[in-house]
Amino acid sequence: MAKMVAKKIDLGTGLMFPSIVEAKSHFGKILKDTPINQHVTKQEFEALKILFEAYCQKTSWPMPTPPKAFFPIYEQYSTKCFGIQFEDGTTGRFSLDKALTAVAN
């Protein structure tokens, strides 16, 4: 039986994780520790912005304008995910799992 090799995530600027699990632990803590609808800290915003932009680039996901804020929201009443406010005032959301899977090498 072949051993599965962990996929690394390298977002540059010191954001390197040896596996998706470790990246999920890092970003998941932000999601868990930030109150619903409260913006993440400036440092957390910078890390999430890098992740989100890498995700959009890898998947050709359209980004209306650059992200202005990230904040936890509930999707379908039970699943916590990141909400995004863009500079043009529009909002969206993104799945941490989908983003990390998309940017993993």
Side-chain angles (χ1 to χ4, degrees):
M1 198 157 128
K3 184 177 185 255
M4 286 192 53
V5 176
K7 290 188 171 193
K8 293 188 312 238
I9 293 179
D10 182 356
L11 299 170
T13 64
L15 286 173
M16 294 178 66
F17 305 95
S19 68
I20 292 174
V21 171
E22 290 199 35
K24 185 174 179 175
S25 172
H26 173 81
F27 289 105
K29 183 170 176 13
I30 298 169
L31 188 62
K32 183 171 93 39
D33 292 350
T34 306
I36 292 294
N37 293 322
Q38 295 292 311
H39 292 185
V40 299
T41 67
K42 182 166 176 40
Q43 184 178 356
E44 293 165 342
F45 169 81
E46 292 303 328
L48 285 164
K49 183 177 181 218
I50 291 166
L51 173 61
F52 182 69
E53 288 174 344
Y55 168 67
C56 290
Q57 189 175 16
K58 281 266 186 159
T59 62
S60 300
W61 187 264
M63 193 179 349
T65 57
K68 180 179 169 182
F70 292 98
F71 46 91
I73 59 171
Y74 280 113
E75 184 175 57
Q76 287 139 14
Y77 307 106
S78 61
T79 305
K80 212 172 183 185
C81 66
F82 281 110
I84 309 164
Q85 180 182 10
F86 295 98
E87 286 182 0
D88 68 359
T90 60
T91 58
R93 62 177 176 243
F94 85 103
S95 160
L96 198 51
D97 288 343
K98 286 180 185 173
L100 293 173
T101 300
V103 302
N105 303 349

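Quick note: numbers below take in every heavy atom, side chains included, and nothing from hydrogens, waters or symmetry partners.
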Exercise for review: Output the distance between atom CZ (Phe45) and atom CD1 (Ile84), rounded to the nearest 0.5 Å.
Suggested key: 10.0 Å

Check your understanding: Got a second to check how far Met16's CE is from Ile9's CD1, nearest 0.5 Å?
Key -> 11.0 Å

Review point. If you take all heavy atoms of Pro35 and Pro72, which pair is closest and at what distance?
Key: O-CD, 3.7 Å

Check your understanding: Is the Phe86 ring parallel, tilted or perpendicular to the Phe52 ring (thresholds 30°, 60°)?
Key -> tilted

**Study point:** Close side-chain approach of Ile73 to Cys81, heavy-atom, < 4.5 Å
**Key:** yes

**Study point:** Residue pair Ile30, Phe70: steps toward the side-chain contact (heavy atoms from CB on, under 4.5 Å) verdict
**Key:** CA-CA 10 Å; Ile30 298 169; Phe70 292 98; over 6 Å; no

Review point. For Thr41, does its backbone N or O pair with a side-chain atom of Glu44 as donor and acceptor, under 3.5 Å?
Key: yes

Check your understanding: Going by heavy atoms in the side chains, are Leu15 and Leu51 under 4.5 Å from each other?
Key -> no

Review point. Just wondering, are more than 12 heavy atoms of other shown residues or ligands nearer than 6.0 Å to NZ in Lys29?
Key: no

Review point. Within the side chain of Lys80, is there an N or O that forms a donor-acceptor pair under 3.5 Å with the backbone of Leu31?
Key: yes

Practice item. Kindly assign one of parallel, tilted or perpendicular to the pair Phe71 and His39, based on the angle between their ring planes and the thresholds 30° and 60°. Key: parallel

Check your understanding: Is there a donor in the side chain of Asp88 and an acceptor in the side chain of Thr90, or the other way round, less than 3.5 Å apart?
Key -> yes

Practice item. Enter the distance from Lys42:NZ to Lys49:NZ here, rounded to the nearest 0.5 Å. Key: 9.0 Å

Review point. Between Leu11 and Met63, is there a shared hydrophobic cluster once you connect ILVMFWY residues whose side-chain heavy atoms come closer than 4.5 Å?
Key: yes

Review point. Are the side chain of Thr65 and the backbone of Glu87 linked by a donor-acceptor contact shorter than 3.5 Å?
Key: yes

Check your understanding: Can you name the nearest heavy-atom pair linking Tyr55 to Ala99, along with the distance?
Key -> CD1-CA, 3.4 Å

Review point. Are the side chains of Glu53 and Pro67 in touch, meaning some heavy atoms are under 4.5 Å apart?
Key: yes

Review point. Given side chains that start at C-beta, do those of Phe82 and Val40 come closer than 4.5 Å, heavy atoms only?
Key: yes

Check your understanding: How many angstroms lie between CG in Asp97 and NZ in Lys24, if you round to the nearest 0.5 Å?
Key -> 3.5 Å

